Amino acid sequence: MTNGSGVALHVSVRVPDDWSLDDSLPSTFVATAPEVEGALFRPTIVLTSAPTSGPVHVVSSEAIASILASGLRTQLISVTTERLHGLPDRSIEYGYDGDRTWVCVRHWLAVVEDQQVHVTGSCAVEDFADFGPLFRTVLSTFRTELPS
Amino acid sequence: MREPRTDPAVSAQLGVPVEALDGIAALQPRPGGRWTLSHAALEQLWGVRNRGLVTLAARRSAAGTELREAGLTGRFGALSDDGERFVKLLDRPDARFGASASLQGRSAHWSMWLGGGSALVRAQGSVADLVDGDAQPDVSRFDILPAGRAVGHLMAWTALTPAWVVSSGEAVVVPTADVQRRVDGEPVPVPSTSDPLVHRLWTTPTWTRVRVWSEATGRGTEWISAGTDGVFRTVPIGDGSSCRIEGIPGGTVFRDVLAVFEATPSAHG
């Protein structure tokens with residue numbers, strides 16, 4: 001497993017060692033599953049953080065509006081709150097038309113201090129049953145650290 | 001930062017402001033389809049499948065014109081490449097799946113013929129059409145999609161949309177017959193409850209019963225949609241004359257639908 005960190009709050013999750021990592025964008029960490037021949041979509045996990053002055057219901061509303069505005073024929077399936085890690089949070093599930101499959105997305109967001117944190121996992125609907133437990137494991141490794 | 005509209009009942013139950021989700025449904029996709037065909041055109045397409053040429057009268061009939069304009073037959077009435085793929089999936093699928101929805105005595109149907117990683121999907125109306133009162137019983141929308149995209153097509157057909165599921169801990173038990181009467185659009189008194197979300201669920205204008213199944217395995221799943229007020233199942237109690245109303249999150253419905261498809265290994269070809 002490998003750590004990926006956003007910059008502002010030092011947020012991190014751990015992903016499997018063989019995933020490709022890209023942290024070239026500020027406050028964004030992208031992890032992509034190894035390429036598999038014939039796969040319809042490469043599973044991806046993205047961690048971002050950004051300042052916010054709003055509580056979680058505001059951050060969630062903005063996330064939902066942005067998902068619906070994506071122009072990808074996105075269908076929202078569910079919005080729940082689980083207080084994962086004791087944080088005010090939301091889990092948003094949705095799907096959209098990819099080129100060769102329906103892409104399923106689980107978007108977890110939380111407000112930590114004055115930051116909004118988003119962890120988004122995407123996979124082909126064919127991989128959903130296997131990807132779900134992996135995404136839960138990745139979320140369970142979510143850590144925050146105040147900058148020193 | 002603009003303050004979003006909140007859901008007063010859920011916010012009160014959870015003790016924190018919670019965003020309203022009821023505005024999402026209107027922005028959700030409806031099931032698309034490359035070809036809109038009448039029943040007569042579909043029958044003619046089926047009839048053409050083993051013949052190279054068709055009679056002039058059949059070509060010039062309304063059904064023949066419809067097929068030609070849809071690009072499923074060519075100038076001489078024979079199947080085009082799309083038409084060939086269409087009837088091959090219809091005729092010799094690896095697996096078939098179906099869905100139906102009923103509301104106030106009206107129904108909508110969805111079908112999928114799966115073969116070689118592609119799927120022919122057919123929507124005769126949709127849950128959203130039923131709720132809106134739109135009925136085009138003689139017309140079906142068809143498309144050929146990658147198998148995974150067909151699952152998305154089904155989800156659009158079901159009009160599944162997020163709603164808060166927050167239990168007050170109070171079990172709501174009602175006569176089972178009342179649930180069907182409610183689906184049928186008959187007036188049924190609101191059960192005695194102190195839970196504002198149950199009250200809201202019961203007083204929503206329409207309930208739609210939705211079923212999804214695999215023809216190969218016989219496996220299926222079923223739920224009742226109260227639109228933006230949520231989705232629930234009925235859990236029989238004792239001899240089944242009464243049932244408990246159990247609200248379920250959309251994510252659970254989605255996983256149950258996927259389980260119907262996963263029961264057939266080739267469903268994700």
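Since this is a predicted model, take the numbers as computed values, not measurements.
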Exercise. What option among A:Cys104, A:Gly95, A:Gly98 has the most heavy-atom pairs under 4.5 Å with chain B?
Worked result: A:Gly98
Problem set entry | B:Leu160 and A:Ile77: CA distance, side-chain angles, deciding distance, side-chain contact (heavy atoms from CB on, under 4.5 Å) verdict | CA-CA 6 Å; B:Leu160 186 66; A:Ile77 300 290; 3.9 Å; yes
Problem set entry | Backbone of B:Arg149 reached by a side-chain donor or acceptor of A:Arg100 within 3.5 Å | no
Problem set entry | Distance-only polar pair, side chains of B:Glu19 and A:Ser61, donor-acceptor under 3.5 Å | no
Exercise. Do you know which two heavy atoms are closest between A:Val58 and B:Pro4, and how far apart they sit?
Worked result: CG2-CD, 3.5 Å
Problem set entry | Heavy-atom pair with the smallest gap, counting every atom of A:Arg90 and B:Pro17 | NH2-O, 4.0 Å
Checking heavy atoms, do the side chain of [X], its backbone, both or neither come under 4.5 Å from chain B?
X	answer
A:Phe128	side chain
A:Gln75	both
A:Ile92	neither
A:Thr74	backbone

Problem set entry | Over 12 foreign heavy atoms within 6.0 Å of CD, A:Glu35 | no
For this session: Kindly indicate whether the side chain of A:Val125, heavy atoms from C-beta on, has any atom under 4.5 Å from the side chain of B:Phe254.
Result: yes
Exercise. Are any of the side-chain heavy atoms of A:Glu93 and B:Arg255 separated by less than 4.5 Å?
Worked result: yes
For this session: Heavy-atom distances under 4.5 Å only: say whether B:Thr6 touches chain A with side chain, backbone, both or neither.
Result: side chain
Problem set entry | Candidate pair A:Leu76 and B:Leu27, rule side-chain contact (heavy atoms from CB on, under 4.5 Å), full reasoning | CA-CA 9 Å; A:Leu76 270 90; B:Leu27 302 171; over 6 Å; no
Seminar exercise, completed: Ranked by heavy-atom pairs below 4.5 Å to chain A, first place among B:Gly152, B:Gly250, B:Ala25, B:Ala156 goes to B:Gly152
Exercise. Which distance, rounded to the nearest 0.5 Å, do you find between the CD1 of B:Ile248 and the OG of A:Ser78?
Worked result: 11.5 Å
